[in-house]
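Just so it is clear, the structure is predicted and the values come from calculations on it, not from any experiment.
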Amino acid sequence: MENKNRFGWRERAVIMLLLAFAALLLARLFALGRHSETLSAAASTGSYTLKADLGDGVIYDSSFRRLTGQKSEYLAIVHPTPEAVRALIGHTIEVAKVRDAQMTGKPFLCKVDSPDLKCADITVFEVPVRYSDTAVHLIGYTNGDGIGMSGLEAAYNDFLRGASRESKVVYTVNAQGDLLGGIEKKVEAQLPVTAGVVTTLDRTVQEICESAIDFPRGAVVVLDVKSGELLSLVSVPAYDPERVADSLSDVDAPFLNRALCAYGVGSVFKTVTAAAALESGLTPGFSHCCTGAVTVYDQRFRCHNLAGHQWLDMIGALTESCNTYCVMLSRMVSAEGMYYTAHRLGFGTEIVLADGIRSSGGNLPAIGTLEIPAERANFAFGQGKLTATPLQVAGMTAAVAADGWMPQISLVRGITEDGVTLSEAVPVSESRQVLAEEVAIQLRGMLTATVDGNEDSNARARNTKAAGKTSTAQTGRYDKQTGEELCHAWMTGFFPADAPKYAVTVFVEDGGSGNEAAAPVFRRIVEEMTAAGY
């Protein structure tokens with residue numbers, strides 16, 4: 001049936017307009033970053049200083065591996081003598097700079113391909129390249145003046161900019177700015193920057209998730225089910241943080257962090273409905289005969305299997321993703337029971353990861369709304385007015401995997417000065433029990449049967465046992481060419497199924513079938529993490 005909620009598109013449009021406005025005002029193309037030259041002259045002599053920026057504070061993963069500055073380049077400060085010019089041949093593509101410097105005789109900066117240029121008039125520094133294509137949305141970007149504009153770059157702007165270092169070469173000049181011969185240059189070389197922000201991210205897991213994605217728009221989230229630490233968060237499409245202006249007109253909205261935006265969730269919510277039913281006293285053996293449709297106060301709800309699943313218990317209903325079974329559960333559970341179970345599992349509550357980085361709370365229908373039988377029926381299989389973010393769905397999954405304990409989801413562990421140890425840790429709240437342990441154990445068994453015990457599941461891993469649930473969530477929007485309804489594809493689950501460590505949620509915007517579009521990506525992530533020793 002049609003999903004009446006279209007929440008998210010207006011929000012995306014506003015976000016894109018604001019980002020475009022900010023980027024147009026503040027972003028500019030990066031060439032040599034903040035490398036610069038200064039002239040300080042006295043009456044007869046003075047100094048001419050060229051600076052090589054060694055970068056701002058580092059953003060690390062949880063093992064102190066660099067997420068920024070993973071690669072380096074070489075920057076040469078050159079006094080353009082004939083010897084220096086000959087030494088540069090074949091080692092720089094900035095030929096125009098060399099030619100201009102020969103005309104003026106002034107020292108200059110240029111990029112080179114080697115640190116080993118054997119010339120006294122050339123000083124080479126190794127400088128970090130700020131950005132790679134890892135965790136783009138969480139790291140964020142700076143503008144042309146080096147000010148953090150989004151993500152962790154903005155959240156920790158003062159600290160990261162305050163940790164910056166620069167190396168210098170100082171030349172002696174006369175009052176006209178001409179270099180004085182016979183006087184040695186002064187080189188002031190600084191050690192690489194080590195101070196920075198330590199995140200909970202795992203660079204290996206982040207790279208596994210980024211490589212596993214094969215869809216154009218969507219998100220992936222990986223959580224540690226016990227600690228709530230965010231091991232990976234990917235949103236696609238991404239943008240180039242060095243050239244943000246290039247993505248302003250992209251219709252796929254690359255600045256949008258889809259892991260933190262709310263969408264219709266569909267059948268992954270059936271886990272919550274089952275939890276509410278179990279907590280109300282129903283058992284996994286509760287049975288219902290699905291004939292393909294059910295009527296609630298003159299409103300007809302259809303199952304995706306129009307012929308009907310026939311008799312199902314709760315395990316079979318989750319495995320078959322039966323809508324009418326969940327509608328029947330909604331008639332057995334009160335509006336308060338449905339609401340508070342969902343609320344305890346994180347629906348309707350925003351998640352703050354850092355200053356300016358927060359997940360939408362989505363939309364959890366009020367108890368008064370759920371007291372309307374048709375609304376509660378829609379709610380029971382994740383349709384209607386309910387929306388949630390991939391991060392919220394991952395949190396719900398983690399709570400089920402962790403014996404009913406909901407961890408506080410976190411992104412930042414703290415800050416470091418030496419790049420080896422934490423000098424200041426970010427406090428994290430303890431987990432909250434949101435489901436009875438026996439209920440969580442029963443749900444884990446059902447979700448294991450849904451994936452590992454289901455030959456039709458594309459989420460089944462070959463090197464471990466995984467558990468979870470898919471969705472094909474209706475949006476109420478239709479393809480203009482085919483006339484078919486656009487649906488969001490979801491897969492959320494955990495592994496290893498017998499002793500869960502990690503929750504993985506995959507969301508594919510307008511991806512269609514969850515089992516076809518999201519489950520294979522889930523499987524690849526689970527298999528590669530397992531093969532890597534996680």
Side-chain angles (χ1 to χ4, degrees), residues 27-40 46-58 65-134 141-142 144-146 163-174 177-194 240-246 419:
R28 58 189 172 110
L29 295 176
F30 287 74
L32 292 174
R34 298 195 296 276
H35 310 307
S36 61
E37 58 185 48
T38 58
L39 174 65
S40 176
S47 63
Y48 182 75
T49 302
L50 287 171
K51 302 175 183 179
D53 177 30
L54 299 184
D56 294 327
V58 182
R65 293 179 293 180
R66 290 173 177 256
L67 296 173
T68 58
Q70 293 185 44
K71 297 179 180 180
S72 297
E73 61 186 4
Y74 299 107
L75 185 69
I77 295 179
V78 185
H79 179 195
T81 62
E83 294 79 12
V85 172
R86 285 195 295 270
L88 285 173
I89 294 175
H91 291 288
T92 182
I93 61 172
E94 298 183 289
V95 178
K97 283 190 174 185
V98 179
R99 184 171 57 248
D100 291 345
Q102 285 181 284
M103 299 292 293
T104 64
K106 291 178 61 176
F108 67 100
L109 294 153
C110 71
K111 293 178 182 179
V112 294
D113 62 3
S114 170
D116 301 318
L117 300 184
K118 307 299 184 182
C119 179
D121 294 314
I122 300 176
T123 304
V124 180
F125 298 103
E126 184 176 357
V127 298
V129 176
R130 183 68 178 173
Y131 299 117
S132 63
D133 56 0
T134 303
Y141 64 91
T142 60
D145 296 320
S164 64
R165 293 177 181 174
E166 58 187 16
S167 291
K168 303 176 183 178
V169 176
V170 182
Y171 299 92
T172 302
V173 298
N174 61 23
D178 299 323
L179 269 64
L180 297 180
I183 299 178
E184 290 290 327
K185 65 186 178 184
K186 181 180 180 181
V187 178
E188 300 178 9
Q190 296 289 330
L191 293 173
V193 179
T194 57
D240 184 346
E242 297 281 11
R243 297 176 177 83
V244 295
D246 293 353

Less than 4.5 Å apart, side chain to side chain, heavy atoms only: is that true for Ile77 and Tyr171? yes
Rounded distance [0.5 Å steps], CZ in Arg66 versus OG1 in Thr134: 14.0 Å
Taking atom CG of Leu88 and atom NZ of Lys97, what is their separation to the nearest 0.5 Å? 11.5 Å
Across all chains, not counting sequence neighbours, the salt bridge (charged side-chain N to carboxylate O under 4.0 Å, His left out) partners of Asp113 are none
Closest non-hydrogen contact found for Leu179 with Pro107 is CD1-CD, 3.6 Å
Going by salt bridge (charged side-chain N to carboxylate O under 4.0 Å, His left out), name the residues that satisfy it together with Glu126, two or more places apart in sequence or in a different chain. none
Considering non-hydrogen atoms only, spot the tightest contact between Gly55 and Val193 and give its length. O-CG2, 3.3 Å
Nearest atoms (heavy-atom pairs only) where Ser167 meets Phe125: CB-CE2, 3.5 Å
Of all heavy-atom pairs linking Val170 and Ser47, the shortest is CG1-CB, 3.7 Å
Got a sec, which residues hit side chain to side chain contact (heavy atoms under 4.5 Å, CB included) with Arg65, two or more places apart in sequence or on another chain? Asp61, Ser63, Asp202, Arg203, Thr204
His79 and Val169: side chain to side chain contact (heavy atoms under 4.5 Å, CB included), yes or no, with the steps? CA-CA 10 Å; His79 179 195; Val169 176; over 6 Å; no
Do Val98 and Val85 have side chains that approach each other closer than 4.5 Å (heavy atoms only, starting at C-beta)? yes
Please give me the minimum heavy-atom distance between Gln190 and Glu166, naming the atom from each residue. CG-O, 3.0 Å
Residue list, side chain to side chain contact (heavy atoms under 4.5 Å, CB included) with Pro80, at least two apart or on another chain: Ala101, Phe108
Side-chain donor/acceptor of Arg165 to backbone N/O of Leu191, under 3.5 Å: yes
Minimum-distance pair of heavy atoms, taken over all atoms of Ala52 and Val127: CB-CG1, 4.4 Å
Name all residues meeting the side-chain hydrogen bond (donor to acceptor under 3.5 Å, both in side chains) criterion together with Lys185; count only those two or more places apart in sequence or in a different chain, and write none if there are none. Thr123
Listed by chain and number, what are the side chain to side chain contact (heavy atoms under 4.5 Å, CB included) partners of Thr104, not counting sequence neighbours? Lys106
Measure the spacing between CG of Asp121 and CZ of Arg86 and express it to the nearest 0.5 Å. 10.5 Å
Just wondering, do Val78 and Cys110 contact through their side chains at under 4.5 Å, heavy atoms? yes
Does any non-hydrogen side-chain atom of Asp56 lie less than 4.5 Å from one of Arg130? yes
Using modelled atom types only, decide if a donor and an acceptor are shared between the side chain of Thr92 and the backbone of Val112 within a distance under 3.5 Å. no
State, with a plain yes or no, whether a side-chain heavy atom of Thr142 is found less than 4.5 Å away from one of Tyr131. yes
Point-to-point distance, once rounded to the nearest 0.5 Å, from NZ of Lys168 to CG of Leu50: 11.5 Å
